[in-house]
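Written out below as structure tokens is the structure these notes cover.
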Amino acid sequence: MAGLRLYNTLTRSVDEFIPQDPQRAGMYCCGPTVYNYAHIGNLRTYVFEDTLRRTLRLNGYTPFHVMNITDVGHLESDADEGEDKMVKGARREGLDVWQLARKYETAWLADMALLNIERPEVICRATEHIDDMVALVERLLERGLAYVTSDAVYFDTGRFPRYADLARLDLHGLQAGAGGRVSQQGAKRHPNDFALWFMGRPRHIMQWDSPWGRGYPGWHIECSAMSMKYLGATIDIHCGGVDHIQVHHTNEIAQSEGATGQPFVRYWLHGQWLLIDSEKMSKSGENFLTLKTLCDRGYDPLAYRFFCFQAHYRSELRFTWEALDAAQQGLRRIYSMDPSDDPIKEPAERADARAEVLDSLNNDLNIPQMVGLLNRIGSPALWLEFDAVLGLDLAARLAQRDADVPQEIQNIVDQRNEARKRRDWSESDRLRDELTAMGYDVADTPRGTEIRKRVI
RNA sequence: GGCGCCGUACCCAAGUGGCUAAGGGAGAGGUCUGCAAAACCUUUAUUCAGCGGUUCGAUUCCGCUCGGCGCCUCCA
């Protein structure tokens, strides 16, 4: 049977996944920049990465998952212009930059937990790895791949021939065009060169000593330094949003491979945008929805997780409230399943169905197709088994739903049944409303009145 | 200027060179009920933006047109 296949941005094809170590799969995922709340578009990517790590486990690998927290502020360009978002955020909230970073890191971890996203084995803060970054920059200088100027240490892209590979950049086209990338800024020698370490920028609050003067690291270097520290020179899988392909990941490869001489990443996976009003949801824009906003509107966080499963991770997903309603309603139906009533009874039939579901998952994480199959097959046993990947908390919710009804609730049910015997419908309806308000659904069936805790 | 993506029913969407174009939601009808809710059953695209081409055959491959979007600057 075919194993796990993943779309690799490097090869632009779906490739069989073979980790370096047959037991263990290392993955590095670009984490949040903690100057504001994560929005649900950011969270979509973390849900994708979580399903990936769960899929690895289902296929028999032990995931070792590293995620960074970008808590160093970064200016909007290589030149000393624009504003540091951390500084801006800190001023907005009357906090210092360190407090700001911790506040949003904590909020982000809470969102991750609400979405049933498993905690990565390592969550590392950029500010706690400055020494590693400095050491890496020194190594690049020793190897002649970087140069020091008056304003920064730059990576010399001209010395790294494979620079354009991941993004399949047309370097000449970039130079001929009018985009921001071509502009010659600061003291760098070539427009494509990028900063590894900035110096002499008094407006930047977070500063550290370095061999080149007091300053702070370039944005890309943290991922190279930390992934190397926790996962070694070569990583099995590196994930991030599609926006990172052209600059961030391109630069990470240059730095990492320049320093180690080893391939940096074997499989590059990139998650697509969440769209709102047909545009990408962005942190700076107006179309910014947080998980808290969804919860405040009465949605279960797992309904958002389930919503993410509507589309493939490499497709744009259009967010609408109607679509979120559809997801929550669909999840509610799943939570109403009866595990004692399974249409699949024969072991052979179950094995076939299971193989079909697993194949859709292993085909580059085609979770929408997998969910469709699970719906069509309608086997609670399969739903429960594959919830190891879906993470919808099925077993727990079913247990919660079927838990014994507390005495005080049972008393109301009894009262209502007596009212019904008296054909006192208004009293009966009043008691039903009371039960509903307490989170219980009442159903009058031919077998009598049934009462169940509502779990979504 | 360069690179790239998308356009499938009312909504969110999966998918394939040729079997009935998944699934969910909404809508409609029904079962159940005192009435409900939930659940369950039935139903909803002769058609995959448009026009050409390749092919015995295309929604799926190629080209063009129209429409929407992204990256190249911080960005999931």
Side-chain angles (χ1 to χ4, degrees), chain A residues 29-33 35 38-49 70 73-79 81-85 164 167-183 185 219 239-248 250 270-275 278-285 306-307 309-312 314-338 360 366-377 420 423-426 428-429 432-433 436 441-446 449-450 452 454:
Chain A
C29 301
C30 289
T33 306
Y35 64 88
H39 58 64
I40 58 174
N42 302 128
L43 296 173
R44 180 187 181 201
T45 299
Y46 304 126
V47 168
F48 145 58
E49 291 159 353
T70 299
H74 292 287
L75 297 177
E76 287 162 5
S77 77
D78 280 356
E81 60 182 36
E83 192 167 20
D84 179 334
K85 288 180 178 174
R168 306 202 170 174
L169 297 174
D170 174 355
L171 296 176
H172 296 292
L174 284 173
Q175 286 159 52
R181 189 171 172 128
V182 303
S183 58
Q185 293 171 325
W219 173 45
C239 303
V242 283
D243 54 318
H244 282 154
I245 297 170
Q246 296 203 45
V247 178
H248 184 52
T250 287
H270 292 97
Q272 256 295 355
W273 302 121
L274 179 74
L275 264 37
S278 292
E279 287 178 2
K280 138 192 183 194
M281 185 174 288
S282 69
K283 256 182 178 169
S284 48
F306 190 59
F307 168 78
F309 296 158
Q310 299 303 301
H312 189 268
R314 284 194 286 118
S315 299
E316 291 172 340
L317 172 59
R318 285 174 272 203
F319 177 87
T320 63
W321 291 104
E322 189 184 0
L324 184 61
D325 277 333
Q328 174 140 305
Q329 198 55 40
L331 186 57
R332 185 169 283 147
R333 216 195 78 255
I334 293 166
Y335 285 157
S336 73
M337 69 172 59
D338 176 2
S360 61
N366 195 336
I367 291 184
Q369 188 174 71
M370 173 178 156
V371 168
L373 274 171
L374 287 169
N375 266 316
R376 199 166 38 150
I377 297 166
R420 293 185 74 227
R423 304 183 71 80
D424 183 351
W425 307 127
S426 64
S428 163
D429 289 349
R432 180 168 59 199
D433 290 346
T436 303
D441 288 327
V442 186
D444 300 314
T445 76
T449 299
E450 291 179 359
R452 272 187 164 177
R454 194 170 54 242

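Both backbone and side-chain heavy atoms feed into the values below; hydrogens, waters and symmetry mates do not.
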- Item | Carboxylate-amine/guanidinium contact A:R452 A:D441, below 4.0 Å |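 A salt bridge is absent here (no side-chain N lies under 4.0 Å from a carboxylate O).
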
- Query: Going by an N to O cut-off under 4.0 Å, is there a salt bridge joining A:D243 and A:K280?
  - Reply: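 Salt bridge absent between A:D243 and A:K280.
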
Using a 4.0 Å heavy-atom cut-off across all strands, classify [X] as base, sugar-phosphate, or nothing.
X      : answer
A:H312 : sugar-phosphate
A:Q272 : base
A:H244 : sugar-phosphate
A:R318 : sugar-phosphate

Could you report the tightest heavy-atom contact between [X] and [Y], atom names first, then the distance?
X      : Y      : answer
A:E49  : A:G240 : OE2-N, 3.8 Å
A:T45  : A:G241 : CG2-N, 4.5 Å
A:P368 : A:A311 : CG-C, 3.4 Å
A:I245 : A:T250 : O-OG1, 2.8 Å

- Message: Going by the rule salt bridge (Lys or Arg N to Asp or Glu O under 4.0 Å), which residues pair with A:R332 if we only count those two or more places apart in sequence or in a different chain?
- Response: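 Listed in chain order: nothing, the list is empty.
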
Provide the distance between the two [atom1] atoms, one in [N] and one in [M], to the nearest whole Å.
N     : M     : atom1 : answer
B:U47 : B:A9  : C1'   : 9 Å
B:C40 : B:U33 : C1'   : 14 Å
B:G7  : B:C48 : P     : 14 Å
B:U31 : B:A36 : P     : 12 Å
B:G70 : B:U44 : P     : 37 Å
B:A26 : B:C41 : P     : 14 Å
B:G63 : B:G24 : P     : 36 Å
B:G53 : B:U43 : C1'   : 39 Å

In whole angstrom, what separates [X]'s [atom1] from [N]'s [atom2]?
X      : N     : atom1 : atom2 : result
A:F309 : B:G25 : CZ    : P     : 17 Å
A:F319 : B:A76 : CZ    : P     : 19 Å
A:L275 : B:C11 : CG    : C1'   : 15 Å
A:R314 : B:C6  : CZ    : P     : 9 Å
A:D243 : B:C5  : CG    : P     : 17 Å
A:D441 : B:A38 : CG    : P     : 9 Å
A:E49  : B:A76 : CD    : P     : 11 Å
A:W321 : B:G25 : CH2   : C1'   : 16 Å

Does a side-chain heavy-atom distance below 4.5 Å link [X] with [Y]?
X      : Y      : value
A:L274 : A:H39  : no
A:Q272 : A:S315 : no
A:Y35  : A:T70  : no

- Query: Taking only N and O in the side chain of A:R454, is any of them less than 4.0 Å away from OP1 or OP2 of B:A38?
  - Reply: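 So the side chain of A:R454 is outside the cut-off, no N or O lying under 4.0 Å from OP1 or OP2 of B:A38.
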
- Query: Which residue lies toward the 5' end of RNA chain B, A:G41 or A:E279, if each is placed at its nearest nucleotide?
  - Reply: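 Looking at the nearest nucleotide for each, A:E279 comes out on the 5' side.
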
- Message: Looking at the base of B:C71, is there any donor atom on it, or on the side chain of A:Q246, that sits under 3.5 Å from an acceptor on the other one?
- Response: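 Counting by modelled atom types and ignoring angles, a donor-acceptor contact under 3.5 Å is found here.
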
- Message: How would you summarise protein contacts on nucleotides 30-36 of chain B per nucleotide, using B for base, S for sugar-phosphate only and - for none, with heavy-atom distances below 4.0 Å?
- Response: --SSBBB

Which of these nucleotides, [options], is closest to any side-chain atom of [X]?
X      : options             : answer
A:V247 : B:C72, B:C71, B:C69 : B:C72
A:S336 : B:C69, B:A39, B:U8  : B:A39
A:T320 : B:A76, B:C11, B:A14 : B:C11

- Item | Residues in ring pair (Phe, Tyr, Trp, His ring centres under 6.0 Å) contact with A:Y46, at least two apart in sequence or another chain |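 Result, ring pair (Phe, Tyr, Trp, His ring centres under 6.0 Å) vs A:Y46: A:W108.
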
- Message: Using the ring pair (Phe, Tyr, Trp, His ring centres under 6.0 Å) criterion, which residues pair with A:F319? Sequence neighbours excluded.
- Response: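 Applying ring pair (Phe, Tyr, Trp, His ring centres under 6.0 Å) to A:F319 gives A:F307, A:W321.
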
- Run the numbers on A:R432 and A:T436 for side chain to side chain contact (heavy atoms under 4.5 Å, CB included), then give the verdict. CA-CA 6 Å; A:R432 180 168 59 199; A:T436 303; 4.3 Å; yes

Write down the protein N/O and nucleotide N/O pairs, taken from nucleotides 22-24 of chain B, whose separation is under 3.5 Å; answer none if there are no such pairs.
| unit_1 | atom_1 | unit_2 | atom_2 | d |
| --- | --- | --- | --- | --- |
| B:G23 | O2' | A:N375 | ND2 | 2.8 |
| B:G23 | N2 | A:Q310 | OE1 | 3.0 |
| B:G24 | O3' | A:R333 | NH1 | 3.3 |

- Message: Let me check I have this right: for RNA chain B, each base becomes ., (, ), [, ] or |, based on Watson-Crick or G-U pairs with both distances under 3.5 Å. What is the full string?
- Response: (((((((..(((.....[....))).(((((.......))))).....(((((..]....))))))))))))....

- Supply the atom-to-atom distance A:R314 CZ to A:F48 CZ, rounded to the nearest 0.5 angstrom.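 Spacing of CZ (A:R314) from CZ (A:F48) equals 9.5 Å.
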
